Protein chains: 2
Amino acid sequence: MLSFGCRTTHPSFRKQQKMTAAHTHDHLTLDEVAASCRERGLRFTDIRRQVMGILLNSEKPLGAYAILEQMTGDGSPAQPPKVYRALDFLVGNGFAHKIATQSTFTACAHPGQPHTPTFLICKSCDSVTEAEIPSSPIQEAAKATGFKVEGAVLEAEGICPDCA
Amino acid sequence: MLSFGCRTTHPSFRKQQKMTAAHTHDHLTLDEVAASCRERGLRFTDIRRQVMGILLNSEKPLGAYAILEQMTGDGSPAQPPKVYRALDFLVGNGFAHKIATQSTFTACAHPGQPHTPTFLICKSCDSVTEAEIPSSPIQEAAKATGFKVEGAVLEAEGICPDCA
DNA sequence: CGGAGACTCGTTATACTATTGCAAACTCAG
DNA sequence: CTGAGTTTGCAATAGTATAACGAGTCTCCG
């Protein structure tokens with residue numbers, strides 16, 4: 001079951017969740033990220049804010065160079081390390097996720113707690129939904145072998161409800 | 001629980017499984033792949049055989065260009081498309097897997113049935129073990145949302161039993 | 001204040017991963 | 001043989017990510 005507050009790029013799925021524009025749990029706001037950083041003693045710099053804003057604004061996950069293209073604000077031609085460093089920060093602190101099978105990045109839909117997101121990627125419409133699996137079965141499978149899991153990537157490709 | 005016949009790159013783990021050199025289920029042989037191709041009407045060409053051989057021979061997953069480097073047999077400098085086309089064939093037909101988080105490839109450890117492998121990647125010794133999760137939890141999580149899963153990637157990073 | 005240490009940023013260059021496009025060669029059934 | 005479909009050779013290019021290094025900035029603490 002999807003947790004409440006899941007983030008999906010699929011417009012009509014969002015409608016199903018009966019979210020409102022005013023107070024959506026679809027994702028964070030920049031101010032909330034800023035507050036979280038303040039609490040945790042992290043520096044939410046201009047570049048990081050800019051990248052986070054671009055991710056929050058996007059319907060779909062974005063590649064690093066797609067983000068780069070949107071960073072034309074300051075006049076100087078943005079360089080890759082700028083984006084990758086910001087993404088490292090955002091992913092490392094749980095504000096965004098990397099989708100490994102696509103080499104794209106997306107804002108986190110379940111902020112607050114460290115978690116292992118599951119991404120459901122529609123082959124037909126390219127929408128990506130961040131679901132949450134209650135108790136990770138990977139943990140169990142690994143535990144049986146003595147492997148200590150510190151982080152996991154779960155990504156599924158298929159057909160979303162609206163395309164089916 | 002790990003299925004019997006799991007393939008791991010970790011030497012001492014292999015020892016725990018009490019595998020023998022003579023008749024190991026650690027992985028396929030080239031002849032078995034060839035036979036499987038014959039059965040299914042697939043063409044197991046020289047290039048594909050060569051790439052499969054390199055994967056089977058390797059302790060660890062290999063990047064496409066690492067494979068390329070080992071393809072010096074025929075004199076002509078091997079081109080990337082050569083390797084990628086062979087890998088597409090091998091992965092597409094279940095003889096090998098791609099490890100998305102590393103952009104590497106490895107021989108399949110559970111041939112015969114289509115399956116969703118789980119890779120346990122040790123941060124310490126870089127070993128990679130292919131485990132198998134009985135009933136995919138992703139399937140269940142997705143089913144609840146109406147998402148139809150056609151393929152999934154499960155990869156966990158952590159510490160293997162021998163490094164712990 | 002002011003110095004030390006840690007973190008962040010700008011910049012250049014480069015490494016690594018993967019695909020496109022087209023023509024030639026091969027394979028196999030009819 | 002012949003034609004359709006597949007595989008290969010080859011050249012170029014697209015896309016993703018990091019290395020290295022110096023300069024600047026923040027914060028803590030004396």
Side-chain angles (χ1 to χ4, degrees), chain A residues 33-34 37-52 54-55 58 60-93 95-106 126 153 155, chain B residues 33-34 37-52 54-55 58 60-93 95-106 126 153 155:
Chain A
V33 175
C37 285
R38 227 174 293 123
E39 263 180 33
R40 296 154 68 186
L42 302 172
R43 289 161 65 180
F44 196 45
T45 64
D46 277 351
I47 296 176
R48 292 166 181 176
R49 174 184 298 268
Q50 211 178 338
V51 171
M52 189 71 207
I54 290 167
L55 288 180
S58 170
K60 295 185 189 301
L62 295 174
Y65 283 73
I67 296 169
L68 203 48
E69 282 176 10
Q70 294 190 40
M71 296 182 68
T72 54
D74 53 0
S76 70
Q79 304 301 326
K82 204 167 167 174
V83 170
Y84 280 105
R85 287 195 279 229
L87 287 170
D88 282 349
F89 172 87
L90 295 172
V91 171
N93 290 293
F95 300 121
H97 298 295
K98 176 169 187 174
I99 301 176
T101 54
Q102 299 189 324
S103 294
T104 57
F105 300 86
T106 192
D126 286 328
V153 167
E155 297 170 20
Chain B
V33 175
C37 285
R38 228 173 294 122
E39 263 180 33
R40 296 155 66 186
L42 302 172
R43 289 160 67 179
F44 196 45
T45 63
D46 276 352
I47 295 176
R48 292 167 182 176
R49 175 183 296 269
Q50 210 178 341
V51 170
M52 190 70 208
I54 290 168
L55 288 180
S58 171
K60 295 185 188 301
L62 295 174
Y65 284 73
I67 295 170
L68 204 49
E69 281 174 11
Q70 293 190 42
M71 295 182 68
T72 54
D74 53 359
S76 69
Q79 304 298 326
K82 205 168 167 174
V83 171
Y84 281 105
R85 287 195 280 228
L87 288 170
D88 282 350
F89 172 86
L90 295 172
V91 171
N93 290 291
F95 300 121
H97 298 296
K98 176 169 187 174
I99 302 176
T101 53
Q102 299 188 323
S103 292
T104 57
F105 300 85
T106 191
D126 286 327
V153 167
E155 296 171 21

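The sequence lines fix the lettering, A, B, ..., with proteins before strands; numbering per chain opens at 1. Fair warning: this is a prediction, and the values are worked out from it, not measured in the lab.
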Check the distance between [N]'s [atom2] and [X]'s [atom1] and give it to me in whole angstrom.
X        : N       : atom1 : atom2 : answer
Ile47(A) : dT8(C)  : CD1   : C1'   : 8 Å
Asn93(A) : dC7(C)  : CG    : C1'   : 13 Å
Lys82(B) : dC10(D) : NZ    : P     : 8 Å
Ile99(B) : dC16(C) : CD1   : P     : 19 Å
Ile67(B) : dT17(C) : CD1   : P     : 11 Å
Leu42(B) : dT27(C) : CG    : C1'   : 14 Å
Leu68(A) : dC9(C)  : CG    : C1'   : 15 Å
Glu69(B) : dT17(C) : CD    : P     : 10 Å

Is the side chain of Arg43(B) donor-acceptor paired with the backbone N or O of Cys37(B) at a distance under 3.5 Å, no angle test?
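Checking the backbone N and O of Cys37(B) against the side chain of Arg43(B), no donor-acceptor pair under 3.5 Å is found.
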Would you mind reading off the bend of the helix from dC1(C)-dG30(D) to dG30(C)-dC1(D) from its two end axes, five pairs each, to 10 degrees?
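Rounded value for the end-axis angle: 30°.
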side-chain contact (heavy atoms from CB on, under 4.5 Å) between Met52(A) and Phe95(A), intermediate numbers included:
CA-CA 8 Å; Met52(A) 189 71 207; Phe95(A) 300 121; 3.9 Å; yes
Partner set under side chain to side chain contact (heavy atoms under 4.5 Å, CB included) for Ala34(B), not counting sequence neighbours:
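Listed in chain order: Arg38(B), Phe44(B), Arg49(B).
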List the residues meeting side chain to side chain contact (heavy atoms under 4.5 Å, CB included) with Thr101(B), not counting sequence neighbours, and say none if there are none.
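Residues passing side chain to side chain contact (heavy atoms under 4.5 Å, CB included) with Thr101(B): Ala100(A), Val153(A), Ile99(B), Ile121(B), Glu155(B).
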How far apart are the C-alpha atoms of Ile54(B) and Met71(B), what are their side-chain angles, what is the distance that settles it, and do they pass the side-chain contact (heavy atoms from CB on, under 4.5 Å) test?
CA-CA 9 Å; Ile54(B) 290 168; Met71(B) 295 182 68; 3.7 Å; yes
Given side-chain contact (heavy atoms from CB on, under 4.5 Å), test Gln70(B) with Leu62(B) step by step and report yes or no.
CA-CA 11 Å; Gln70(B) 293 190 42; Leu62(B) 295 174; 4.0 Å; yes
Calculate, to the nearest 0.5 Å, the distance between atoms CG and CD1 belonging to Leu90(A) and Ile47(A) respectively.
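Leu90(A) CG to Ile47(A) CD1: 11.0 Å, rounded to 0.5 Å.
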Using 0.5 Å steps for rounding, measure from the CG atom of Leu55(A) to the CG atom of Leu87(A).
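So the gap between those two atoms works out to 6.5 Å.
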Tell me every residue that passes side chain to side chain donor-acceptor pair (under 3.5 Å) with Thr104(B), counting only those two or more places apart in sequence or in another chain.
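Here the qualifying residues are Gln102(B).
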Starting at the 5' end of nucleotides 12-30 of chain D, put B wherever the base has a protein heavy atom under 4.0 Å, S where only the sugar-phosphate does, and a dash everywhere else.
----BBBBB-----S----
